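Predicted model, so just to flag it, every value in this text is computed and none were measured. We count ligands from 1, going down the list as the structure has it; atoms in each ligand are counted the same way.
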Amino acid sequence: MTISTGERTKLLIDCDPGHDDAVAILVGHRHFDLLAITTTHGNSSLENTTRNALAVLELAGIADVQAAKGAASPLVGATHHAQHVHGKSGLDGHDLPLPSLQPVPDHAIDVIIETARAHQGELILAVIGPATNIALALRKEPRLAGWVKEVTVMGGSGGGGNMTAAAEFNAYCDPEALAAVMTAGWPLRMVGVDVTRTVGIDAANIEILRASGKRTAGVIADLLSFYMSRQTERTGLTHAPMHDACALIPLLDPDAMTYRETRVDVELTGTYTRGMTVCDFRGSPVKNPNARVAVVPNQQRLVGVMMDTVLSYP
Ligand code: RIB
Ligand code: CA
C-alpha cells in the first residue's frame, strides 16, 4: 500500500460528527498535519457535533488540534439532522464522557480563513458535512479560493441520493453552500454517496477492533455497531459506511480511488431534486469542468487504512 511518507500534508477538516466523521478525524490526525477541525450542523445540532468532535479528540488523546464551532443552520431553508442514523446525541453507541477539551473562541469561518491565509498553497480543506462554513468563509474572504491547495468534499452523488431519491444528505442540508463550493474555482475532488455507501467497516472488522483490547478501537467498535445497525434497519447495508474517510484516504494513496473530471452543478429549485448534484458524465470534452468526481473505490485499500488507523491509537 503506497501511503506518502513525505512531509505530511496540511489539513483542515470541516465536519458534523457523526460516526463516519469520527473515523475520518482519526485518519486526518494520523496521516496528515491536521491544523484544525471546524464543526457544523448536519448529522446533529451544532452543540452535539462540536461536543462529539471534542470527545473523539479526547478519546484518541489528540491534544494538539484546535476545534472551532461554526454554523448551526444552512444558508437558506430549514435545518435537517440525521438522528435516525446517528442517534439523539449524533454519536450514539457508547456513552463518551463529556469532553474537558473546549472549542477555541474564534468562529469556524475565521479559523478556516486564517488557517488558509497562513498556509497559502499548502492547505487541503476536507468538507465532510454540509458546506455552510466553507460558503460563509468564501463570502467573507473571496481570496480564500486562491489560498487553498485543494478541496476534498464528501457530498453529493454521481447517481442517486440517500436523503431523497436525488440528493445526498450533506448536499441536501445546504445546497446553496455546496453550489458556492463547487463554483469557487479552486481545485476540487468530490466523493459522492453512490461510491461511499459501498465502502464500510463490517461486523468482522468491528470484532477485530473490539478484540484489540485498545480503548479507542473498543469505543469505535461500539459506535460503529450502533451505526451499522441503524444502516441495516434503514437501507439493508451490512457494514458501517465510512463515507467521510473516503474523502481523505485517496490523498494518501492515489490507488484507493478512481476519479473522473467532470462538471458538477447543484440543483437548487427542483421540487423533487433540490440538493441533487448533476454530474455530466456524457463524455469528453466536458464543458467548464469544475471537479474530479470519484467513480470507482478500491474498498480493500480504503478499509485497510481505516482499520490500521483506528488500531494505531491507544
Ligand atoms: O451522506 C453521508 C454524509 O452525511 C456523511 O458525511 C455523513 O457523516 C453525513 O454527514
Ligand atoms: Ca459527515
Side-chain angles (χ1 to χ4, degrees), residues 11-28 37-46 48-53 55-56 67 70-74 79-87 89-93 108 125-134 151-175 177-178 181 189-201 220 223-224 226-228 230-231 234-235 237 239-249 266 274-277 293-294 297 302 306:
L11 177 70
L12 184 148
I13 298 178
D14 188 69
C15 56
D16 61 334
H19 293 73
D20 56 324
D21 302 71
V23 172
I25 289 170
L26 299 182
V27 170
I37 286 174
T38 51
T39 57
T40 178
H41 66 94
N43 285 320
S44 195
S45 67
L46 175 66
N48 282 349
T49 61
T50 304
R51 186 197 62 248
N52 294 339
V56 170
S73 57
T79 302
H80 302 279
H81 294 154
Q83 182 170 318
H84 51 290
V85 174
H86 296 276
S89 73
L91 199 61
D92 282 17
L125 269 188
V127 187
I128 59 174
T132 314
N133 290 334
I134 314 301
V151 177
T152 180
V153 172
M154 190 284 129
S157 175
N162 56 351
M163 187 63 179
T164 70
E168 176 277 330
F169 179 77
N170 289 337
Y172 184 81
C173 284
D174 199 337
L178 186 59
V181 169
R189 64 177 82 191
M190 176 190 120
V191 58
V193 71
D194 55 321
V195 167
T196 62
R197 65 163 55 109
T198 70
V199 181
I201 292 179
I220 295 293
L223 295 173
L224 296 188
F226 169 87
Y227 176 51
M228 183 171 69
R230 288 295 176 96
Q231 294 281 349
R234 293 182 55 79
T235 65
L237 279 184
H239 57 246
M242 291 287 102
H243 307 289
D244 292 333
C246 290
L248 294 180
I249 296 168
V266 184
R274 177 167 159 79
M276 177 180 180
T277 47
V293 174
L302 290 162
M306 294 172 202

Quick check: closest heavy atoms across Gln231 and Val85, and the distance to 0.1 Å? NE2-CG1, 3.4 Å
Just do the ring-ring contact (aromatic ring centres under 6.0 Å, His included) check on His80 and Phe169 with the steps written out, would you? CA-CA 9 Å; His80 302 279; Phe169 179 77; 8.0 Å; no
At the Ca ion (ligand 2), O of Ile128 and OD1 of Asp16 open up to roughly (10° bins) 90°
Please determine, by modelled atom types, if Asp92 and Ser89 share a side-chain donor-acceptor pair under 3.5 angstrom.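 On atom types as modelled, these side chains qualify, holding a pair under 3.5 Å.
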Go through the side-chain N and O atoms of Thr38 and Asp14 and say whether any donor and acceptor fall under 3.5 Å apart. yes
Side chain to side chain donor-acceptor pair (under 3.5 Å), paired with Asp174, selected from Thr40, Thr79, Thr132: Thr132
Looking only at N, O or S atoms in Asp244, which is nearest to the Ca ion (ligand 2)? OD2
Give a yes or no on whether Pro17 keeps an N, O or S atom under 3.0 Å from the Ca ion (ligand 2). no
Checking only N/O/S atoms, does Asp21 have one that is under 3.0 Å from the Ca ion (ligand 2)?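 Within the cut-off used here (under 3.0 Å), Asp21 does place an N, O or S atom near the Ca ion (ligand 2).
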Ring pair (Phe, Tyr, Trp, His ring centres under 6.0 Å), paired with Tyr227, selected from His84, His19, His243, His239: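 For Tyr227, the ring pair (Phe, Tyr, Trp, His ring centres under 6.0 Å) check succeeds only for His19.
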Output yes when a side-chain donor or acceptor of Thr152 lies under 3.5 Å from a complementary backbone atom of Leu248, and no otherwise. no
Does the side chain of Asp21 come within less than 4.5 Å of Asp16's, by heavy atoms? yes
Could you pull out the N/O contacts under 3.5 angstrom between ligand 1 and the surrounding protein atoms?
from, atom 1, to, atom 2, distance (Å)
ligand 1, 1 (O), Asn162, ND2, 2.9
ligand 1, 1 (O), Glu168, OE2, 2.5
ligand 1, 4 (O), Asn170, OD1, 3.2
ligand 1, 6 (O), Ile128, O, 2.9
ligand 1, 6 (O), Asn170, ND2, 3.0
ligand 1, 6 (O), Asp244, OD1, 2.6
ligand 1, 6 (O), Asp244, OD2, 3.3
ligand 1, 8 (O), Asp20, OD1, 2.7
ligand 1, 8 (O), Asp20, OD2, 3.1
ligand 1, 8 (O), Asp21, OD1, 2.9
ligand 1, 8 (O), Asn43, ND2, 3.0
ligand 1, 8 (O), Asp244, OD2, 3.2
ligand 1, 10 (O), Asp16, OD1, 3.3
ligand 1, 10 (O), Asp16, OD2, 2.9
ligand 1, 10 (O), Asn43, OD1, 3.3
ligand 1, 10 (O), Asn43, ND2, 3.3
ligand 1, 10 (O), Asn170, OD1, 2.9

